[in-house]
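To find a chain, count down the sequence lines: A is the first, B the second, and so on, and within it residues start at 1.
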Number of protein chains: 2
Amino acid sequence: MNPSTANIEESILSAILAGRIPPGTRLGEQKLADLFGVSRTRVREAMMRLETRGIVQVSARRGWFVVEPSADEAREAFQTRRVIETGLLQTVREVPPKVLASLKEHVAIERQAIETGDVSSRACLLGDFHIHLADALGNRLLTEIIRDLTARTTLISMLYQPTEKAEESSHDHEDIVAAMEAGDLAGAARLMDEHIGKVEAGLDLSAKPDPLASLRELLVPSTFSDVAPSMPHAHGAAAPHAHHHPSTKED
Amino acid sequence: MNPSTANIEESILSAILAGRIPPGTRLGEQKLADLFGVSRTRVREAMMRLETRGIVQVSARRGWFVVEPSADEAREAFQTRRVIETGLLQTVREVPPKVLASLKEHVAIERQAIETGDVSSRACLLGDFHIHLADALGNRLLTEIIRDLTARTTLISMLYQPTEKAEESSHDHEDIVAAMEAGDLAGAARLMDEHIGKVEAGLDLSAKPDPLASLRELLVPSTFSDVAPSMPHAHGAAAPHAHHHPSTKED
DNA sequence: CTTACAAGCTTTGTATACAAGCCTGTGAGC
DNA sequence: GCTCACAGGCTTGTATACAAAGCTTGTAAG
């Protein structure tokens, strides 16, 4: 594949995984072309690839947008992750010591980021745990699939996650690794199932994505964003209560 | 997405699933463009999408080719399928009667195709079983993933599968459905694991894909293809013994 | 004051032209 | 007779020009 195309693709994907790009972000072809110093052709290539991977969507003649998964799509993504990640743990016979060591190290870094209060890297790390797991226990194909799914999940969390429970997630990760160390793969799978279930349960899937969220956030001081009755609401509908935490990921 | 682009993509994918397009097939942009009555631009779109999905590959300035998975890639594909398909069965709590009925019907059709000796539809049906399973028990996302993996597996079988065991596969499918009916999802998962294992074990992954396979087949009477010492071999290497059964799929 | 409509601008959609490189065939040199 | 170099054709790679359609904004009628 062309390096510049792959570059654009990878940049956008990793920015999403890091929580730097919120769902619904518009990605203009010309702007990206200027930014990366390439022609629109290349940008379109990258966009179409990302569309195939379920990361962006095109709205005819309006532009490319980072996907905003619906509640149904969110459920699908979580079910798929549950299937694959528990399946992975249960398929594996034994965990090589090196893998165990690297996972433990990862969890340690997670905890450190949480204690230090490093919000931005924390969000990225929590998702990375799952990717590392797939990489260590599975193969490239599996890793790629999990990566795309994690990107999706990250976006979903940004849309529907009212509260953040990073410590709990990291603790779950720790438990999973502990079970793996004990050789209890079935237990690890169960813990993983519960972990993903917890994350999913922590979402407010009834909260419809707010089309005005970005504007609202720009105009209203964030601490007052929930109590700004003077802001005009579209169509007189009740204010959607989807919270928007750009660097928050519950995973 | 543009309908014509999606059309090209789907046509090629389903042709691969049906075993009508062997691995390594060259897919010229202009030819496809003429065939579908569209411009090269659209064809390229479809090709790039299929490349993202791991179905085709581009060789710079030579053309697009249906992938010829290496032995390693084959192992990855099978591991991934094992992970996902056993994971799916173990994640599901109970199987709705309607699902059970449709799966049983599918197996019945399989058996019928085998008894009738309908080789071409048989190959397609054996792969379809897994896709149907994902569709019935999982969701669209999962189905899409399994579909792409099945396409890969089909190509792998064409490259590395010396003998065909359609009856055995169909019997495996039957057993899996029976376990599901008995409510023994864990057992079904185990059977699925064994089933995929059997298929993988039936491959001859040491047989390197033969770049001359298609030529050899065209030039040498098939019954003598293994004993044709007069045919010039590239680089004096021993004759690769990868057999090529266009409408054979072990799944 | 609200709503409908229209003009202009911006952005994507699509085709096409040209550039670059691989493969094949031919001919010269040994 | 054989090998190697080179040229021509064919295929993909890339950019760009133009077409089509959306959104915004301005204006005027009800």
Please tell me which of the listed nucleotides, [options], lies nearest to the side chain of [X]?
| X | options | value |
| --- | --- | --- |
| Arg42(A) | dT12(D), dG13(C), dA15(D) | dA15(D) |
| Thr41(B) | dT16(C), dG13(C), dT12(D) | dT16(C) |
| Asn2(A) | dT14(C), dG13(D), dA15(D) | dG13(D) |
| Arg62(B) | dT14(D), dC23(C), dT12(D) | dC23(C) |
| Arg26(B) | dT11(D), dG13(D), dT16(D) | dT11(D) |
| Glu29(B) | dG13(C), dT12(D), dA15(C) | dT12(D) |

Given atom [atom1] of [X] and atom [atom2] of [N], what is their separation to the nearest angstrom?
| X | N | atom1 | atom2 | answer |
| --- | --- | --- | --- | --- |
| Met47(B) | dG13(D) | CE | C1' | 16 Å |
| Glu45(B) | dT12(C) | CD | P | 14 Å |
| Phe36(A) | dA15(D) | CZ | C1' | 19 Å |
| Leu32(A) | dA15(D) | CG | C1' | 17 Å |
| Arg61(B) | dT24(C) | CZ | C1' | 18 Å |
| Phe65(A) | dC23(D) | CZ | C1' | 11 Å |
| Arg44(A) | dT14(D) | CZ | P | 16 Å |
| Arg40(A) | dT16(C) | CZ | C1' | 15 Å |

Is the shortest distance from a Lys or Arg side-chain nitrogen in Arg53(B) or Glu144(A) to a carboxylate oxygen in the other one below 4.0 Å?
->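 So Arg53(B) does not pair with Glu144(A) through a salt bridge.
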Residues Glu110(B), Arg122(B): salt bridge by 4.0 Å N-O rule |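 No, Glu110(B) and Arg122(B) are not salt-bridged.
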Taking C-beta and beyond as the side chain, do Leu159(B) and Pro69(B) meet within less than 4.5 Å on heavy atoms?
->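 Result yes, sub-4.5 Å side-chain heavy-atom pair found.
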Is Leu141(B) close to Leu149(A) at the side-chain level, that is, under 4.5 Å between some pair of heavy atoms?
->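 Leu149(A) vs Leu141(B): side chains touch.
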Rounded to the nearest 0.5 Å, how far does CD1 of Ile196(B) lie from CZ of Phe78(B)?
->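 Here the rounded value is 8.0 Å.
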